[in-house]
Colleague: 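Before anything else, here's the structure in question.
Quick note on labels: first sequence line is chain A, next is B, and so on, each numbered from 1.
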Amino acid sequence: MKDAATHYCQGCGHSVIHRLTAEVIEELGIADRAVGVPPAGCAVLAYFYFDVDMIEAPHGRACAVATGIKRANPESIVFSYQGDGDLAAIGTAEAVHSANRSENITVIFVNNAVYGMTGGQMAPTTLLGQRTTTSPAAAGREAHREGYPIKVSELLASLEGSTYIERCAVNSVRAIRRTKKAIREAFLTQMNGEGFSMVEILSPCPTNWKMSPVKSWKWIDEVMTPYFPLGVIKDSRKGSKKDAG
Amino acid sequence: MKNKEKRLMRGSEAIGEAAVRAGCACYFGYPITPQNELTEYMARRMMDTGRVFLQSESEIAAINMALGAASTGARVMTSSSSPGISLKQEGISFIAAMELPCVIVNIVRGGPGLGNIAPAQSDYFQATRGGGHGDYRTIVLAPASVQELYDLTRKSFELADEYRTPVLVLADGMLGQMMEPVVFNDKEILPEQLPDKPWTVKGAKDRPSRFIRSLLLDVDVEEEQNWRLYRKYQRIERREIRHEEYYMKGAELAIVAYGTAARIAKAAVKRCVEKNMRVGLIRPISLWPFPYEHIYKTAETVKHFMSFEMSTGQMVEDVQLGVKGRAEVLMYGRPGGVVPTPAELFRVISRAYNKIAREK
Amino acid sequence: MLVKTIFAGFGGQGVLLMGVCVATAAMNEDKFVTYMPSYGAEVRGGTANCTVSISTDEISSPIASSPNYVVAMNNPSLLRFQHIIKPGGYIVTNSSLVNVELGRSGVTQIQVPGSDIAEELGAMRSANMVMLGAYAAVSNVVSFQSLIDAVGEVTGKKKKELVEFNIKAIKAGHDNAKEQIKKLESIEA
Ligand SMILES: Cc1ncc(C[n+]2csc(CCOP(=O)(O)OP(=O)(O)O)c2C)c(N)n1
């Protein structure tokens with residue numbers, strides 16, 4: 001990590017996830033090979049914090065940009081870092097097809113159930129009943145009008161090409177440890193040339209959820225995880241050491 | 001709601017309210033700053049009025065939803081800001097080819113790329129040259145106040161229906177975010193009060209089936225379709241040019257500016273006039289069709305023009321096309337989201353004016 | 001006449017509402033008026049500000065590069081805007097929260113303990129209304145009555161008691177500032 005104060009709001013999960021990702025990169029000794037692709041989203045400025053090579057992508061296209069980098073220079077360890085709007089709305093096609101091709105890249109997928117950067121609009125992962133500025137009805141998001149929250153991990157896991165997919169959270173010390181382990185497994189998958197890996201991370205957005213940080217941690221446990229269950233969603237690796245943590 | 005009453009409105013709300021009162025039945029959009037207030041306003045208002053609001057999964061989806069809704073004859077609108085408008089271009093080309101009415105709002109931000117969210121005028125080329133692929137144009141209106149955001153959005157729906165063509169409203173974050181008094185000088189129309197359109201596809205009940213398409217494999221047929229569109233665009237050019245003049249009588253230097261830049265220019269020109277400088281302002285309100293003819297006529301007597309834009313210079317090419325070599329065309333621009341102050345522009349104009357005076 | 005004012009504070013202090021009230025009052029007095037809020041990521045950084053321009057003529061830019069008045073509800077607002085105030089202009093500070101010294105000369109500072117006065121009246125949250133009253137007294141750009149009417153118009157849709165309370169708060173701020181202006185004038189005289 002660079003020695004920089006981040007721009008993130010109080011209680012935001014992005015900074016923790018940055019830190020975990022950077023620690024894994026350092027511990028695996030791949031900092032000089034890593035290339036990151038930050039999204040259009042709150043994490044767009046990630047290149048000010050990660051001390052590895054990085055390139056911005058148009059909104060939603062990070063998986064395609066990562067594919068290009070990896071194909072052109074297979075020695076690179078390429079990861080995209082994307083929000084739920086970026087990956088699961090405008091970038092769905094790129095994500096699905098990268099997974100389907102078993103593109104040998106790693107996706108850090110930050111699910112905070114809203115569009116953070118643009119000020120709290122509905123995301124594909126916004127829960128039923130959750131009110132946002134674009135699902136303003138008293139009843140919040142309703143399936144008959146706005147559809148269901150997308151379970152991206154399960155969706156991509158159903159594709160033959162995806163290799164390692166795990167869903168974690170960053171709302172407690174234990175959850176954070178688990179997340180770091182998952183990110184490590186995902187990068188190892190790529191280093192062993194085994195194909196597409198993704199870690200989905202349930203991450204608090206106190207600002208747009210209009211909650212205190214502590215309350216937002218609770219909300220992840222009480223509202224998010226029942227719908228987005230944590231754990232390894234898919235692991236079809238052959239070579240790499242499986243970690244039973 | 002009383003009609004002639006002034007109310008303080010945010011620019012984005014004025015656009016939204018104009019759409020609602022024009023009988024817009026469907027709005028499709030995707031979040032992007034600095035136009036989120038419009039999307040959010042439509043979320044509330046369309047829901048309240050029982051009309052269609054849908055947040056799409058992308059701008060590409062939004063414009064194609066608009067295409068679909070327009071084919072049923074409904075008045076439709078979509079909005080975005082620069083990067084999102086780039087994504088819509090394929091759809092806009094299809095809408096133009098299929099001759100569907102559709103209103104598209106671009107709250108322009110600093111670019112290229114992600115750029116920033118500050119007010120800019122750097123999408124002029126894209127807006128006025130069609131934007132997507134193929135031989136087509138879109139009507140482009142450039143409001144300069146919240147009142148005009150209201151009036152011209154309302155007008156856009158009428159133009160879109162009349163000419164069966166996409167109409168673009170080009171504004172920026174300053175106009176979209178600011179509040180000014182607005183008077184509604186119009187009557188509200190409900191979607192169900194709009195006349196039926198004879199070309200829609202909503203089921204071949206009691207009539208032969210029809211289709212709407214843009215694929216014309218036969219080159220002769222495609223050529224004829226292009227000429228047909230061309231003739232329509234010529235008709236629009238004859239009838240729909242809008243512009244405003246300010247202190248142009250006796251002017252020796254004409255500033256040409258639109259939208260936010262025109263507001264700044266107005267103040268600078270006023271200061272020039274107070275200092276006995278013969279400077280005036282031409283403000284194109286329709287950017288396509290552009291007031292070429294008017295500028296050409298003006299250039300008969302006015303020998304110096306200055307295009308003032310919040311870009312490195314795009315409209316300046318149209319000013320040049322207008323004067324056709326009859327006059328000198330200067331350019332002053334600030335790209336990247338910078339909004340120059342009237343004082344800054346006044347200094348620039350003064351310098352140019354004094355140089356002109358010396359050379360005379 | 002063109003008067004530009006920046007209202008600035010934390011998000012949640014109601015500075016945008018202050019601007020809307022003043023702009024509404026000016027509109028009802030048939031003046032030209034623009035209101036421009038800070039927007040985008042700036043807002044989520046925890047600070048908020050808006051600029052109100054009032055004129056007898058068309059207004060070109062709703063942005064203020066050199067405002068005549070600044071109403072600073074907290075320290076960062078004073079620090080950020082003090083240097084752009086027009087010479088001879090005013091800064092009205094919420095002295096309950098603003099404790100840094102004004103770092104320039106050529107402008108007049110009026111200190112009104114907005115949060116304390118609001119608390120005494122029974123609602124800390126109405127500090128913005130107190131400061132609005134103070135601003136009205138200092139600037140005279142809109143009449144006291146049309147400001148009161150505007151506040152009713154803007155906030156009144158919700159609750160009558162709230163409107164009455166706000167009027168009380170505006171009056172308190174107005175009186176406090178008037179008192180100080182009188183003192184200043186007597187020193188100068
Ligand atoms: C083509 C295009 N459309 C829209 C945007 C505006 N935009 C920037 S980030 C973003 C989504 C932010 O939400 P998410 O991906 O969930 O990430 P978060 O900010 O919550 O971390 C959007 C819609 C853009 N930059 N480009």
Colleague: Answer yes or no: is there a side-chain heavy-atom contact under 4.5 Å between Met178(B) and Thr51(C)?
Modeller: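 Of all side-chain heavy-atom pairs linking Thr51(C) with Met178(B), none is under 4.5 Å.
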Colleague: Would you say OH of Tyr90(C) has more than 12 non-hydrogen atoms from neighbouring residues, nucleotides or ligands within 6.0 angstrom?
Modeller: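 Counting other residues, nucleotides and ligands, OH of Tyr90(C) stays at 12 neighbours or fewer.
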Colleague: Of all residues at least two apart in sequence or in a different chain, which pass the side-chain hydrogen bond (donor to acceptor under 3.5 Å, both in side chains) check with Thr93(C)?
Modeller: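 Scan of Thr93(C) (side-chain hydrogen bond (donor to acceptor under 3.5 Å, both in side chains), adjacent residues dropped) gives Gln109(C).
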Colleague: Is atom CZ of Arg104(C) surrounded by more than 12 heavy atoms (other residues, nucleotides or ligands) closer than 6.0 Å?
Modeller: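 Yes, CZ of Arg104(C) has more than 12 neighbouring heavy atoms, counting only those of other groups under 6.0 Å.
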Colleague: With respect to Met36(C), which candidate in Glu180(B), Met174(B), Arg10(B) satisfies the side-chain contact (heavy atoms from CB on, under 4.5 Å) definition?
Modeller: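 Answer after filtering Glu180(B), Met174(B), Arg10(B): Met174(B).
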Colleague: Within the supplied structure, the quantity of interest is the number of heavy atoms (other residues, nucleotides, ligands) at a distance under 6.0 Å from Arg242(B) CZ; does it exceed 12?
Modeller: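 It does: Arg242(B) CZ has more than 12 such atoms within range.
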Colleague: Please classify the contact between Ser65(C) and chain B as side chain, backbone, both or neither, with a heavy-atom cut-off of under 4.5 Å.
Modeller: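 Contact with chain B is through the side chain of Ser65(C) alone.
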Colleague: Where do Arg263(B) and Ile59(C) come nearest, in terms of heavy atoms and distance?
Modeller: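 In terms of heavy atoms, the two residues are closest at NH2-O, 2.9 Å.
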Colleague: If I compare all heavy atoms of Leu8(B) with all of Val20(C), which pair ends up nearest, and what's the gap?
Modeller: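 In this case the closest contact between Leu8(B) and Val20(C) is CD2-O, 3.9 Å.
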Colleague: Picking from Ala26(C), Ser61(C), Pro62(C), which has the most non-hydrogen pairs under 4.5 angstrom with chain B?
Modeller: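 When all of Ala26(C), Ser61(C), Pro62(C) are compared, Pro62(C) has the most.
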Colleague: Side chain, backbone, both or neither: which part of Asp30(C) has a non-hydrogen atom closer than 4.5 Å to chain B?
Modeller: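 Interface part for Asp30(C): both.
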Colleague: Got a second to check how far Ile264(B)'s CD1 is from Ile63(C)'s CD1, nearest 0.5 Å?
Modeller: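 Going from CD1 on Ile264(B) over to CD1 on Ile63(C), the span is 7.0 Å.
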Colleague: Tabulate, in ascending numerical order, the residues of residues 332-343 of chain B having at least one heavy atom closer than 4.5 Å to a heavy atom of chain C, or enter 'none'.
Modeller: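 Within residues 332-343 of chain B, the residues that come under 4.5 Å of chain C (heavy atoms only) are Val339(B), Thr341(B), Pro342(B).
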Colleague: Assess whether atom CD of Glu101(C) is packed by more than 12 heavy atoms of other residues, nucleotides or ligands within 6.0 Å.
Modeller: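 Not buried by this count: 12 neighbours or fewer within 6.0 Å.
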Colleague: Please check if atom NZ in Lys171(C) has more than 12 non-hydrogen atoms from other residues, nucleotides or ligands closer than 6.0 Å.
Modeller: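 Atom NZ in Lys171(C) is not packed in, count stays at 12 or less.
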Colleague: To the nearest 0.5 Å, what is the distance between OH (Tyr35(C)) and CE (Met9(B))?
Modeller: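 So the OH of Tyr35(C) and the CE of Met9(B) are separated by 14.5 Å.
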Colleague: Check whether any side-chain heavy atom of Pro181(B) lies under 4.5 Å from a side-chain heavy atom of Met27(C), and answer yes or no.
Modeller: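 Contact flag for Pro181(B)/Met27(C) side chains = yes.
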Colleague: Between Val52(C) and chain B, which part of the residue has a heavy atom less than 4.5 Å away: side chain, backbone, both or neither?
Modeller: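 Contact with chain B: none, neither part.
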